[in-house]
Amino acid sequence: MKAAVIDRANSIHLQDREIPQIHDGEALIKVRYCGICGSDLHVLHGQHPTAKFPVVPGHEFVGELVEAKGIGAENFKPGDMVVAQPFFSCGNCEPCAKGHDNVCRQLRFMGAHCDGGFAEYVKVATRKVYKIPEGMDLKLAALAEPIAVAVHDVRRSGLKVGEKVLIIGGGPIGMLIAMVARRSGASKIVISEINQFRCDFAEKLGFETVNPTEPDFAERMQTLSDGKGFDVTFEVSGSKAGITSAVEHTTIGGMITIVGMTKEPYPVDLSTMFSKELQMQGVRIHAQYNFIGAVELLKSGELDEEFSALISKVFPFDELEQAFDFVQTPGDYFKVLIEM
């Protein structure tokens with residue numbers, strides 16, 4: 001098979017490889033589409049703290065089931081179109097037992113610790129494979145993993161119907177969080193973003209936006225939150241300014257969910273955290289239950305139009321290197337997919 005391999009930092013190219021051999025508890029998938037994620041770029045540039053070379057990147061994929069073995073295999077047949085939660089967790093450690101398989105003590109994430117989806121075939125854990133309906137747009141199905149991130153983040157935030165939401169950072173994950181939060185009953189969603197393309201995109205989808213670099217930013221935030229601050233804030237930018245803004249603009253007793261990965265430790269105003277009795281939590285990837293939630297959301301078709309709008313460009317597999325060059329060049333786009 002053909003596979004995209006990162007063999008050292010800043011080097012990705014197509015290679016001939018053997019089709020993976022599966023064992024009990026594993027399934028083999030013929031990949032149809034795979035999306036490029038920011039974490040793939042971290043691996044490519046040698047910035048992922050635990051990734052090991054050589055590795056096939058990619059974890060946002062959809063494909064055709066070839067074979068499955070072990071418990072759960074009876075639920076599938078060759079030719080089923082499927083998506084899969086893209087990591088291996090032990091199922092036995094304390095976090096897994098509590099339903100936090102996303103922070104398993106032996107977690108191996110596809111595309112970083114083991115081979116991922118930028119290949120003609122990929123193997124996954126059978127128990128993490130889910131069928132999608134016949135006729136579903138496979139490009140939308142390739143968004144299952146990032147949608148699962150948004151579902152996980154919104155559920156973990158404890159968002160309640162009627163609450164006001166602030167999202168700091170309007171990239172693909174920020175936009176997906178906005179979509180899921182609106183469907184979950186948020187009464188108002190404001191996206192803080194400096195990129196005008198992203199702001200225009202969000203406004204076309206019916207979200208309000210603010211630019212934190214504008215001189216009237218603080219005044220607008222007061223107006224948009226009725227002078228009280230936001231009930232739930234998602235910090236997706238991974239920036240010092242974003243974390244500072246989250247603490248400042250979240251209401252008394254509100255929740256701050258840290259989604260964006262920071263490159264260095266950032267100070268938090270503990271005095272404000274204390275005086276407002278704020279809650280702050282980190283979130284990582286998505287628990288399997290929330291991946292199921294993403295699959296069900298896709299099957300409902302309720303957000304097909306919004307999800308489809310996020311897909312900016314599709315490259316053929318033999319242009320994968322050009323696709324990776326494309327996503328590393330500043331431009332007006334969101335999700336880029338590779339078609340196998």
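Worth saying up front: this structure is predicted, and the values here are computed from it rather than measured.
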Is any side-chain heavy atom of [X] less than 4.5 Å from a side-chain heavy atom of [Y]?
X: L107; Y: R284; result: yes
X: V122; Y: D115; result: no
X: I258; Y: M280; result: yes
X: N211; Y: N195; result: no

Please name the pair of heavy atoms, one in [X] and one in [Y], separated by the smallest distance, quoted to 0.1 Å.
X: A142; Y: Y33; result: CB-CB, 4.0 Å
X: K335; Y: C37; result: NZ-CA, 4.2 Å
X: H152; Y: A287; result: ND1-N, 3.2 Å
X: T250; Y: A246; result: OG1-O, 2.6 Å

Aromatic plane relationship, F87 with H286 - under 30° parallel, 30 to 60° tilted, over 60° perpendicular: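 Tilted: the ring planes of H286 and F87 meet at 30° to 60°.
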
Pi-cation contact, F61 with R32 (under 6.0 Å, within 45°):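 Cation-pi check for R32 and F61: fails.
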
Geometric cation-pi criterion R8 and F53, 6.0 Å radius, 45° cone: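 Relative to the ring axis of F53, which defines the angle, R8 lies outside at least one limit.
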
side-chain hydrogen bond (donor to acceptor under 3.5 Å, both in side chains) assessment of T251 paired with K276: CA-CA 7 Å; T251 194; K276 293 167 71 172; over 6 Å; no

Rounded distance (nearest 0.5 Å) linking atom CG of L44 with atom CD of Q47: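 So the CG of L44 and the CD of Q47 are separated by 9.0 Å.
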
From C34 atom SG to E145 atom CD, the distance as rounded to the nearest 0.5 Å: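 Here the interatomic distance stands at 10.0 Å.
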
Selection residues 237-248 - residue pairs positive for side chain to side chain donor-acceptor pair (under 3.5 Å), sequence neighbours left out: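 Of all non-adjacent pairs touching residues 237-248, those that pass side chain to side chain donor-acceptor pair (under 3.5 Å) are E235-S237, S237-S239.
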
Within one Ile-Leu-Val-Met-Phe-Trp-Tyr cluster: M110 and V62, side-chain cutoff 4.5 Å: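 Hydrophobic grouping puts M110 apart from V62.
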
Considering only distance and modelled atom types, tabulate donor-acceptor pairs under 3.5 Å from the side chains of residues 160-175, sequence neighbours left out.
from, atom 1, to, atom 2, distance (Å)
E163, OE1, K160, N, 3.0
K164, NZ, D226, OD2, 3.3

Ring pair (Phe, Tyr, Trp, His ring centres under 6.0 Å) contacts in which one or both residues fall within residues 318-340, not counting sequence neighbours: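 Output for this query lists F118-F324, F197-F334, F201-F334, F315-F326, F326-Y333.
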
Residues S11, D7; criterion side-chain hydrogen bond (donor to acceptor under 3.5 Å, both in side chains); working and verdict: CA-CA 6 Å; S11 174; D7 51 11; 3.0 Å; yes

All side-chain hydrogen bond (donor to acceptor under 3.5 Å, both in side chains) counterparts of Y121, not counting sequence neighbours: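 With neighbours one apart ignored, the set is empty.
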
For R156, side-chain hydrogen bond (donor to acceptor under 3.5 Å, both in side chains) partners two or more places apart: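 For R156, no residue satisfies side-chain hydrogen bond (donor to acceptor under 3.5 Å, both in side chains) once neighbours in sequence are set aside.
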
Main-chain N/O of A51 paired to H48 side chain as donor or acceptor, under 3.5 Å: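 At least one qualifying donor-acceptor pair exists.
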
Enumerate donor-acceptor pairs with a distance under 3.5 Å from any side-chain N or O in residues 264-271 to protein atoms, sequence neighbours excluded.
from, atom 1, to, atom 2, distance (Å)
D269, OD1, S271, N, 3.2
D269, OD1, T272, N, 3.1
D269, OD2, T272, OG1, 2.6

Chi angles and distances behind the side-chain hydrogen bond (donor to acceptor under 3.5 Å, both in side chains) call for Y130, E296: CA-CA 10 Å; Y130 296 92; E296 292 301 316; over 6 Å; no

Heavy atoms from other residues, nucleotides or ligands near CD of E74 exceed 12 (cutoff 6.0 Å):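 Enclosed.
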
Working for ring pair (Phe, Tyr, Trp, His ring centres under 6.0 Å), residues F217 and H249: CA-CA 11 Å; F217 173 68; H249 297 294; 5.5 Å; yes

